[in-house]
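To keep things clear, I will list the structure first and then write my remarks on it.
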Amino acid sequence: MNPIKALLAVSILFIKAGCLLAADCPQARLLYEKNDFAGAEKDLAAIPGTLDLPCIKLLGESQLAQGRLKEAALSFGKVSELARQDKDSMLKLALLYSWTNRLDEAVAAYDAVIALDPADFRAALEKARVLGRDGRYAEASSAYRTAFDSSKHAWIEQERLGKEHMWARRPVSGLRHLEKAAELNDADTEALFDLAQFYSGSGEYERARPYYDRLLKVAPYNTAAHRSAKKNALYGDKLRVSAGADLWDARSPERKTGVRYLNSFTAVSKRLDRRFTLTGTGTAGRYSFKDAPPLDERGAGLALDYGFGFKGGAGASYARKAYVQDIGSRENYGVYGWKKRWKT
């Protein structure tokens, strides 16, 4: 993962070092350095005629700082047309294409960077990640190997192996390699994010938390990681509330039936510890008939679930439902379990 604001921070340093020394947009540059990014963009838009190359770069940086990724991509696209040898701007354009889900264009931009500097492994590595996101796994593996051959960084090889096992639905082996990649390189945000997301998505919130913490330490402006870390903390430490409704309609002239059932529910879950979760559910339903008065139903239930990560789980449940019209009730008991069979 490549956080937008981390890239922005590097850009600010370049600007302050004098990389953007346009003689015809000093006011915009001053506003940018004061973090008035909208003001800088407005000032640049007011300049008559065509902006020169440094000012177009400054425009792209101002748009990027405001999170306007599509506009920033257009600006850096113009930079790449005017300065085809500007590797850093081309790399930034590729990243913007990736962030805006323009994956084919991102791959083409990374190829352009690789053509400019084959020894720079960063472009091959980011290209591999984009190809993986696009489901082009064979090409992604090849790009990973190119990045490793250029850099000889062992963590890149471990990231590749981890990704390949995950793509092949072998998470046990995949996690082992991704953990090794994160161990070899504390700044491997891709491996850290994958590990955090996988464990969180599997209900292993405590195991996910240190990976989110490490990720945000090296990439403090990664907005996606911040959102995911907050969700992970919420699911792990607090109550989880969900609600919904479903409709069962069996009215059919062919089958000579005329009943419809509308049910709504609210569920509250609380994690008791790493393995156990207690859930209480309340329901309200109505049976509607074609030629008879409706029946209203209310219910409540409890469930205790035990989970052991992504490998499986078990639980027991109890529910009781009764008609408001006091014509009867029923109770349901359940015991269940599941086990996922993964390739290793």
Side-chain angles (χ1 to χ4, degrees), residues 1-4 6-7 69-70 72-74 76-77 79-81 84-185 187-198 201 215 219 222 224-225 228 342-344:
M1 301 294 296
N2 295 280
I4 297 171
L7 182 60
L69 304 185
K70 292 182 180 179
L74 288 174
F76 280 104
V79 173
S80 68
E81 292 174 1
R84 296 187 180 278
Q85 301 302 310
D86 188 341
K87 185 185 74 172
D88 290 334
S89 292
M90 182 64 74
L91 183 59
K92 194 168 295 185
L93 177 63
L95 290 168
L96 285 164
Y97 282 152
S98 174
W99 294 337
T100 52
N101 209 36
R102 297 164 64 176
L103 302 185
D104 288 339
E105 291 167 283
V107 170
Y110 284 127
D111 284 336
V113 176
I114 293 169
L116 290 172
D117 187 1
D120 188 344
F121 72 91
R122 295 176 302 166
L125 178 61
E126 293 299 336
K127 175 185 174 182
R129 291 167 173 172
V130 169
L131 288 167
R133 284 174 52 196
D134 202 27
R136 297 157 63 179
Y137 300 136
E139 296 174 75
S141 294
S142 178
Y144 267 118
R145 289 188 174 90
T146 299
F148 174 72
D149 291 341
S150 299
S151 67
K152 302 303 180 185
H153 291 313
W155 61 270
I156 293 179
E157 182 69 358
Q158 291 298 321
E159 184 180 315
R160 176 184 70 81
L161 292 170
K163 291 283 193 179
E164 288 179 347
H165 283 291
M166 288 297 195
W167 297 333
R169 297 181 61 79
R170 295 192 293 264
V172 176
S173 300
L175 292 170
R176 184 169 62 249
H177 287 292
L178 290 173
E179 287 168 352
K180 185 63 176 179
E183 176 186 330
L184 292 171
N185 180 13
D188 186 353
T189 55
E190 185 81 4
L192 291 172
F193 192 76
D194 283 356
L195 288 164
Q197 292 287 82
F198 185 88
L215 175 61
N222 190 322
S228 297
W342 296 97
K343 302 175 184 177
T344 59

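- Checked against side-chain contact (heavy atoms from CB on, under 4.5 Å), E157 has the following partners two or more places apart in sequence or in another chain: F148, R160, L161.
- Not counting sequence neighbours, the partners of K127 by the salt bridge (Lys or Arg N to Asp or Glu O under 4.0 Å) test are D111.
- S80 pairs by the side-chain hydrogen bond (donor to acceptor under 3.5 Å, both in side chains) definition with nothing, not counting sequence neighbours.
- Among pairs with a residue in residues 111-136, those fulfilling ring pair (Phe, Tyr, Trp, His ring centres under 6.0 Å) read F121-H153, at least two apart in sequence or across chains.
- Partners of T100 under the side-chain contact (heavy atoms from CB on, under 4.5 Å) rule, at least two apart in sequence or in another chain, are L69, K70, R102.
- For E183, the side-chain hydrogen bond (donor to acceptor under 3.5 Å, both in side chains) criterion is met by no residue, not counting sequence neighbours.
- Under the rule for a side-chain hydrogen bond (donor to acceptor under 3.5 Å, both in side chains), the partners of D86 that lie at least two apart in sequence or sit in another chain are K57, S89.
- Every residue two or more places apart in sequence or in another chain that forms a side-chain contact (heavy atoms from CB on, under 4.5 Å) with A106 is listed here: Y97, S98, Y110, V130.
- Every residue meeting the side-chain contact (heavy atoms from CB on, under 4.5 Å) condition with A140, not counting sequence neighbours, appears here in chain and number order: L131, W167.
- Residues that satisfy the side-chain hydrogen bond (donor to acceptor under 3.5 Å, both in side chains) test with S228, not counting sequence neighbours, are Q197.
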Begin with the C-alpha distance, continue with both residues' side-chain angles, and end with the deciding distance and a verdict on side-chain contact (heavy atoms from CB on, under 4.5 Å) for E190 and K163.
-> CA-CA 10 Å; E190 185 81 4; K163 291 283 193 179; 2.8 Å; yes

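- For D120, the salt bridge (Lys or Arg N to Asp or Glu O under 4.0 Å) partners are K87, R122, not counting sequence neighbours.
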